[in-house]
Amino acid sequence: MGWGNIYIRRVRVFTMALAIYLDYKSVQWREKWTSKSGQDTLWEKAHERNAKRVLSLILEMEGLWVKLGQYMSTRADVLPPAYIRLLKLLQDSLPPRPLEEVYDTVQKELGKSMGELFADFVNEPLATASIAQVHRATLLNGQEVVVKVQHDGIKTVILEDLKNAKSIIDWIARAEPQYNFNPMIDEWCKEAPKELDFNHEAENTRTVAKNLGCRNQPDGNMNANRVNVLIPDVIQSTEKVLVLEYMDGIRLNDLESLDAFGVDKQKIVEEITRAYAHQIYVDGFFNGDPHPGNFLVSKESPHRPILLDFGLTKKLSNTIKQGLAKMFLSSIEGDHVALLSAFAEMGLKLSLDLPEQAMEVTAVFFRATTPANESNKTMKSLADQTAKNMKAIQEKMNLNKKEMKRFNPVDAFPGDIVIFGRVLNLLRGLAATMNVHIVYMDIMRPFAESVLSGFIDKGPSVNDRWIFDSPVHSNVEAKLRQLLIELGSNDKILGIQVCAYKDGEVIIDTAAGVLGKYDPRPVKSDSLFPVFSVTKGITAGMMHWLVDNGKLSLGENVTNIWPGFGSNGKDSIKVHHVLNHTSGLHNAMADVTRENPLLMSDWDECLNSICKSAPETEPGKEQIYHYLSFGWLCGGIIENASGKKFQEILEEAIIRPLHIEGELYIGIPPGVESRLAALTVDTDDLRMLSAISGHPDLPSSFQPQQIAQIATTLPALFNTLHARRAIIPAANGHLSARALARYYAALADGGKIPPPHSSASKPVLGSHPHIPKLSSWKAPKIRKCFGQKEATLPSTDISKSYEQVSHVKNFEGNTEDTSSNKNSSKTNSNPRTHATSKVLRNPKVIDEFLGAGEYENLTLPSGGFGLGFKRFSTKDGSSIAFGHSGMGGSTGFCDVTHKFAIAVTLNKMSFGGVTGKIVQLVCSELNIPVPDDFLRFAVKQSGPDEQLNMVRPLIN
């Protein structure tokens, strides 16, 4: 093809593209002045007119444009009927090339004359496509074959067409920035030339046939992921000639013949879809060109799809293969975090933080097929959804219409996803053309799950990296890791972190397992786990910090702090009632959140609901666990007492002083999604729980039967980014075990900040940037601070402590401040040293936590809770311990007597068994009494005791 022809070809393509573009722009303008009834006719005529132009150009140009036309003809789900009807002609065959050209190519490539190669060669081609044409022939040994012969000079044409297509896409992107198809054309430019080497296609054909386990006859071996398709054997190949086994079949677009042979079209398309799911997710090697011309259906029963033409194939890395599987499964589960994580793993970068829109786009990507006769409805629905998403982007970015036209929400689009998307679109178009309904989420799910389970199911018995590579700090940590391996081998652990302090030093910092059921990445020391009610212990610490700083009094009425709270008989509720779970509001919010769980993510509405609630029991008389209301009660008090937002106090009181930035959140900010663990449920524990009878110390809305029901829905709800980003101070803390253990290590020592966390743990604790996602609540005017001394506190014997441990007079730590600590600069040379050595200054703060000593009258003596913390008792009564556990097994607590703190975070929700075994081992090895809440897991119990103990961790 000389330069003259190249120039003419280029001019013809650009002229036609411009004509079609201007035609549609004029129709858009004329539509404004056309009646509603006439608009459909206006567009139908435009589609017919331009479809004829496209077909005429393709028939004239041939080459790459034929492939584009074939692709368009399969998109019956989104393209107007005129395009489908006319471009479908390209699926049948193009005008054949001269026979002399075919003979010449065959003889040159194979090095023999036609007579020396074939006993018979049918001159009439079976089909003529864009790159080659196919003839039926018989070899000298009598075997029937097909011979695929590349068109002479087609390589030059294809390469030129790719340049022209790239130029057109660039032009469209400039004229209409919202239609930027550059990632797609770039990938096509990279992959399309590979189709010109038939040796490459021959090797691809053998590989796919081997991967799919193709057999000419059914062998009866049909496991869940086995596919039942046929692929011709390769006989011989060169760069321009491919000889394949002949298979007699019916073309997919020959609907009359398919009906005549009694072919089940639904079953055929489902099997083709399964074959592609296997290629993509299991093999990571798939045919990127599944248009109708590349399939036949065997005439013999059982009718099976015959897969042809493997010139355009794509090989995926394990990372991309896992990412695609994760993207697919996360869209099914509605897990925004896993979806964004999958995007990050694959290199797909978004320009802004819009997870809801990303989820909607992905759901559209994997949507079920629609018949061709519903294409207009589908197009309108997709257009409406696109407009909605673009409006959300425009509002978030504060762009005008002109700026919005040029805004691209995707920063980086990996080429692997382009071919993957093309395959899904072609399959969707194939289903629409054949008028069958394919639910991709049902058909492809087992294959996507299999690729991830192949990594996730590699537990400690076969995965020597199941425990994250980090140094062993002590002998007890070495023994702990052996226990974790045992529990992991028995499928009791998915992902876990354990961290412990003794005498202010780190003795355990271990991470093991994977981040989620569909996330095979390893758990690391800085991974963030959702810990449910463990969050209450953090929130309680914030309340005590405000008391310590004179912003809050434990004995004050809440209504004096929080305007609007006192309605409906709540005027006598005091701060200590809230912390002690005796306010009578134990069922508050239960009905609201049951009817609409998403309401939990609306901070202002939840605070308003708390204000409208009424107590069910007299404040201070009964201790009934405030499983949900506790967080918003404290949250409202914290914000109104401090005049600051909840997360500002969290950072000021806990995160900055302890230097645990980036590893403790209540409501996560954008940017930490890649470190989040995803929840799943231990179904065995769940079955046990559902059989347990009711318990009076739990609210009526939070009995075991309700808990079992809640537990089945919690992972789906709390795995969503919507819930994770919400501020739910009773339930949605996201943290690492080492951050939680450091918090309790400080509390165990009366608020004294421990030395810097072990630098052997990587990344170093506190090295992540901490950017809180603050609520939109408007802070009230700062109220007058209370004095440090609380006049409302009763006068009691200071030596009297919780559990009547008479030999322990008090539990205060060192009371000196930083200015008087002469050795502070010597003992801590770390540049991250803070200005204060304590987070709490009250020398009686341990009594304050427990409701002991002079704080005893602020709590119910017989209750399991102190002031915000669960009192952990031991058999011999020799230890003072407190903390808070959460539904699912995560926990954090400290033993003040032994200056010991431990935190366990996990993502496979059980009801205490795993955590109990861990705590028992660690405490036993250190000669520390095991709290009763955890000790029971070491002794087999039955009857009422077993039921009572089964439910105890849930009320922590």
Side-chain angles (χ1 to χ4, degrees), residues 533 536-537 539-540 543-544 547 552-562 564-591 609-637 693-704 706-707 729-730 790-797 800-804 847-873 882 884 948 951-952 954-956:
S533 287
K536 291 183 176 71
T539 302
M543 294 276 283
H544 288 286
V547 172
L552 186 64
S553 169
L554 293 172
E556 187 176 9
N557 287 349
V558 175
T559 189
N560 292 341
I561 305 165
W562 184 350
F565 177 81
S567 62
N568 296 324
K570 298 195 295 296
D571 52 298
S572 62
I573 295 176
K574 300 182 184 297
V575 172
H576 66 81
H577 292 143
V578 171
L579 287 170
N580 193 228
H581 296 267
T582 57
S583 75
L585 297 172
H586 41 273
N587 281 320
M589 297 295 296
D591 291 338
S609 296
I610 289 291
C611 288
K612 295 174 185 176
S613 62
E616 297 180 29
T617 58
E618 183 182 346
K621 298 299 182 182
E622 289 186 61
Q623 188 175 87
I624 303 177
Y625 183 50
H626 291 39
Y627 69 100
L628 198 56
S629 56
F630 179 89
W632 288 300
L633 284 165
C634 291
I637 293 170
S693 56
H695 287 270
D697 52 351
L698 294 177
S700 60
S701 59
F702 200 61
Q703 290 295 313
Q706 286 96 335
I707 296 169
E790 295 184 19
T792 58
L793 292 177
S795 175
T796 56
D797 182 4
K800 189 174 182 181
S801 311
Y802 173 61
E803 293 282 332
Q804 302 296 318
D847 283 350
E848 184 181 323
F849 294 153
L850 293 167
E854 65 184 67
Y855 301 89
E856 184 178 33
N857 289 345
L858 301 182
T859 63
L860 283 181
S862 59
F865 286 95
L867 292 175
F869 296 95
K870 176 72 167 59
R871 299 161 170 167
F872 285 159
S873 60
F882 62 90
H884 219 298
L948 179 62
V951 80
R952 264 186 190 160
L954 302 179
I955 68 168
N956 290 343

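No experiment lies behind these values; they were computed from the predicted model shown.
Every ring pair (Phe, Tyr, Trp, His ring centres under 6.0 Å) that Phe565 has, sequence neighbours left out, goes to Trp562. Here Thr617 pairs with His586, Glu622 under the side-chain contact (heavy atoms from CB on, under 4.5 Å) rule; sequence neighbours left out. When the side-chain contact (heavy atoms from CB on, under 4.5 Å) test is applied to Thr859, the partners found at least two apart in sequence or on another chain are Asn580, Leu867, Arg871. Contacts of Ala588 classified as side-chain contact (heavy atoms from CB on, under 4.5 Å), with partners at least two apart in sequence or in another chain: Leu585, Ile610, Ser613, Ser629. In this structure, the side-chain contact (heavy atoms from CB on, under 4.5 Å) partners of Asn568, at least two apart in sequence or on a different chain, are Lys570, Ala614. Here His544 pairs with Glu848 under the side-chain hydrogen bond (donor to acceptor under 3.5 Å, both in side chains) rule; sequence neighbours left out.
Scanning both residues, Ser567 and Cys611, for their nearest heavy atoms gives OG-O, 2.9 Å.
No side-chain heavy atom of Lys574 sits less than 4.5 Å from a side-chain heavy atom of Val558. Side-chain contact between Ser533 and Tyr625 is present, with at least one heavy-atom pair separated by less than 4.5 Å. For the pair Asp847 and Glu854, the minimum side-chain heavy-atom distance is 4.5 Å or more. Between Phe882 and Lys870 the shortest side-chain heavy-atom distance does not fall below 4.5 Å.
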Give the C-alpha distance, both sets of side-chain angles, the deciding distance and a yes or no for side chain to side chain contact (heavy atoms under 4.5 Å, CB included) between Val578 and Cys634. CA-CA 7 Å; Val578 171; Cys634 291; 3.9 Å; yes
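Counting only distance, with no hydrogens or angles, the side chain of Thr582 and the backbone of Ile624 share no donor-acceptor pair below 3.5 Å. No donor-acceptor distance shorter than 3.5 angstrom exists from the side chain of His581 to the backbone of Gln623, with no hydrogens or angles considered. Within the 3.5 Å criterion, the main-chain N or O of Lys536 finds no donor-acceptor partner in the side chain of His884.
Here CD1 of Ile637 is found 9.0 Å from CD1 of Ile573. Values are rounded to the nearest 0.5 Å. The distance from the CG atom of Leu579 to the OG1 atom of Thr539 is 10.0 Å, given to the nearest 0.5 Å. Separating the CD atom in Glu618 from the OG atom in Ser583 is a distance of 12.5 Å, to the nearest 0.5 Å. His577 NE2 to Ser572 OG: the interatomic distance, rounded to the nearest 0.5 Å, is 7.0 Å. Taken to the nearest 0.5 Å, the CG atom of Leu628 stands 11.0 Å off from the NE2 atom of His626. Put simply, CG on Leu554 and NE2 on His576 are 8.0 Å apart, with the number rounded to the nearest 0.5 Å.
Between Phe849 and the options Tyr855, Phe865, Phe869, a ring pair (Phe, Tyr, Trp, His ring centres under 6.0 Å) holds for only Phe869.
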